[in-house]
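This report concerns only the one structure given below.
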Protein chains: 2
Amino acid sequence: MLTIGTLAKKTGTKVQTIRYYEQIGLLPEPGRSAGGQRRYGDSELDRLSFVRHARQLGFSLDAIRELLDLSDHPDKSCAEADAIARRQLKQVEQRMARLEALRTELQRMVHECSGGHTADCRVLEVLRDHSECLTDHDEIGA
Amino acid sequence: MLTIGTLAKKTGTKVQTIRYYEQIGLLPEPGRSAGGQRRYGDSELDRLSFVRHARQLGFSLDAIRELLDLSDHPDKSCAEADAIARRQLKQVEQRMARLEALRTELQRMVHECSGGHTADCRVLEVLRDHSECLTDHDEIGA
DNA sequence: TCTTGAACCTACAGTAGCTAGAGGGTGTAA
DNA sequence: TTACACCCTCTAGCTACTGTAGGTTCAAGA
C-alpha cells in the first residue's frame, strides 16, 4: 500500500495534483488508513501513470476521461480511441503550423533590430504596424 | 470618438477583453460620455492594436506591458525590447521541438492501430506502458 | 417629443489544469 | 514520548479571458 507521497514520486506528479484528479473524478476515491490518510494499490498506480502519460502527450483531461472509459471496457470498439488520438494529432499539427509562422515573424523582428534606441526599434515597429506582418493570425494562443 | 463596440470591431477584440485590459492597467482609463460610456480616440486604437498584435505573436500580457513601456520611452535602449523578442522566439522554438516529439509519438500510435477492440488497441497500450515511449517528456503542456 | 432596441454599464462567476498556503492531524522511528 | 516528516481539508490564486444578470444610455424613427 502506497501513501500519496510515494505515489506522487513514482509517477512524477505533485501530491495536490493527485488529490485534484480525485476531486474531478479522474481517479477513484482510494482506501484510507485508520487515521484517514489515502492508501493506494497497483491499479491506482497504473491509472495515474496512464493519465500522466496522456497529459504529457497533450491530451486534455476530458479526452483522458474518454480514453480511461474505453480502457475500462475491453470489448468496445477501438475506433473511438483511435479518433481521439487522431484529433490530438491534428491539433498538434495545427499548433506546429501556427508556431512555424510565429517563429518566422519573430526571427524577422529580431534579425532586423539594429540595437539603437527604442524610437527606431524594429521589434516595436513591427508590433505597431500590423500591415507589415507577413503572416495572418486570426486566432490567439499557441 | 469611438465607442467600445466600434473599437472592438476595428481591432478584432471582444468588448469584455478591452474592459479587462483596462482593468489590469494595460490600457489607460478612457474618457467617458455624459452618460458614463467609454469613448476612445486614435491613440487608444493604436495601443490596443499593438497589444493584439503582440498577443497574436504569443507574447504574454506581462511581456506586452514591458514592450508598451519601452514604446512609450523612445530614448531608452532598444536592447530590452530585443531581449524580450528573443526570449519569445526561444520559447516558440522550444514549444515547436516539443510538439515535434509529440507528433512523432501520436503518429506512431495512430498508424499502429488496427481497428479491433479496445483490448488490443495500440493507442491505449502505448498510453498504458510509458516504457514503450520513444521520447522523454519531463514537462507537461504544449 | 416619445419610444424602441441595440449597445452600453458594473459586478461577479466560470473556464483549464493545476499550485500554494493556512491551520491542523497522523505515523513512525529513536 | 517526543520529534518531525508527512498527511488532511479548505480556500485562494494563477493566465487570459469569456459569459451572465440586471440595469442604464444612446441614437434613430414615428
Side-chain angles (χ1 to χ4, degrees), chain A residues 1-27 29-40 44 48 50-68 88 91 95 98 137-142, chain B residues 1-27 29-40 44 48 50-68 87-88 91 95 137-142:
Chain A
M1 282 302 179
L2 309 171
T3 64
I4 196 169
T6 314
L7 184 66
K9 251 174 231 153
K10 276 183 186 258
T11 56
T13 316
K14 300 224 167 176
V15 165
Q16 292 104 310
T17 305
I18 298 176
R19 287 199 281 247
Y20 170 71
Y21 287 163
E22 179 188 330
Q23 192 190 308
I24 62 169
L26 210 59
L27 298 180
E29 288 187 26
R32 299 271 182 155
S33 72
Q37 299 193 353
R38 289 170 180 80
R39 291 296 125 97
Y40 296 94
E44 281 107 331
L48 180 54
F50 184 103
V51 171
R52 292 312 282 176
H53 193 189
R55 282 295 296 136
Q56 283 162 343
L57 285 168
F59 289 93
S60 72
L61 293 181
D62 267 356
I64 293 172
R65 213 185 290 272
E66 290 181 70
L67 289 167
L68 279 169
Q88 183 61 24
Q91 259 183 38
R95 265 188 259 170
R98 200 168 141 51
H137 319 290
D138 309 318
E139 221 184 316
I140 285 186
Chain B
M1 282 301 182
L2 309 170
T3 64
I4 196 169
T6 314
L7 183 66
K9 251 175 229 151
K10 276 183 186 255
T11 56
T13 315
K14 300 224 168 176
V15 166
Q16 291 104 310
T17 305
I18 298 177
R19 288 199 279 247
Y20 170 71
Y21 286 164
E22 179 187 329
Q23 192 190 307
I24 62 168
L26 211 57
L27 298 179
E29 288 187 26
R32 300 271 183 157
S33 72
Q37 299 193 351
R38 289 169 180 81
R39 290 299 123 97
Y40 296 94
E44 280 106 331
L48 180 54
F50 184 104
V51 171
R52 292 313 282 175
H53 192 189
R55 282 295 296 135
Q56 283 161 341
L57 285 169
F59 288 93
S60 72
L61 293 182
D62 266 357
I64 293 172
R65 211 185 291 273
E66 290 182 70
L67 289 167
L68 279 170
R87 211 165 60 208
Q88 182 61 23
Q91 258 183 39
R95 267 189 255 169
H137 318 293
D138 308 317
E139 221 184 316
I140 285 188

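The figures here come from the full heavy-atom set of this structure, side chains too, leaving out hydrogens, waters and symmetry mates. All values reported here derive from a predicted model rather than from experimental measurement.
Looking at heavy atoms from C-beta onward, A/Phe50 lies out of side-chain contact with A/Arg52 at the 4.5 angstrom threshold. Considering only heavy atoms from C-beta on, B/Tyr40 stays 4.5 Å or farther from B/Thr6 through its side chain. Between A/Leu61 and A/Tyr21, some side-chain heavy-atom pair lies under the 4.5 Å cut-off. A heavy-atom distance below 4.5 Å is not found between the side chains of B/Arg95 and A/Arg95.
Judged by closest nucleotide on DNA chain D, A/Thr3 is the one of B/Leu61 and A/Thr3 placed further toward the 5' end.
In this entry the distance linking CG of B/Leu7 with P of C/dA7 reads 15 Å, nearest Å. The interatomic distance linking A/Tyr20 (OH) with D/dC8 (P) rounds to 18 Å, in whole Å. For the pair B/Leu48 CG and D/dC17 P, the computed distance is 11 Å after rounding to whole Å. If you measure from atom CG of B/Leu2 to atom P of C/dA7, you get 15 Å, rounded to the nearest angstrom. With rounding to whole Å, A/Met1 atom CE is found 14 Å from C/dT28 atom P. For the pair B/Leu26 CG and D/dA16 P, the computed distance is 10 Å after rounding to whole Å.
B/Tyr21 has no side-chain polar atom (N or O) that falls below the 4.0 Å cut-off from OP1 or OP2 of D/dA16. Phosphate proximity of C/dG17 to A/Arg65: absent, as no side-chain N or O sits under 4.0 Å from OP1 or OP2.
Counting only heavy atoms from C-beta on, A/Lys14 has its side chain closest to C/dT19 among C/dC18, D/dC7, C/dT19. You'll find that the side chain of B/Ser33 is closest to D/dT25, out of C/dA20, D/dT25, D/dA16.
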*Under 4.0 Å protein heavy-atom contact, by nucleotide of nucleotides 9-14 of chain C - B base, S sugar-phosphate only*: SB----
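For A/Arg39, the side chain to side chain contact (heavy atoms under 4.5 Å, CB included) partners at least two apart in sequence or on another chain are A/Met1, A/Thr3, A/Ser33, A/Gln37. Considering only residues two or more places apart in sequence or on other chains, A/Lys14 meets the side chain to side chain contact (heavy atoms under 4.5 Å, CB included) condition with A/Gln16, A/Thr17.
The residues B/Glu29 and B/Arg38 are annotated as not salt-bridged, no charged nitrogen and carboxylate oxygen being separated by less than 4.0 angstrom.
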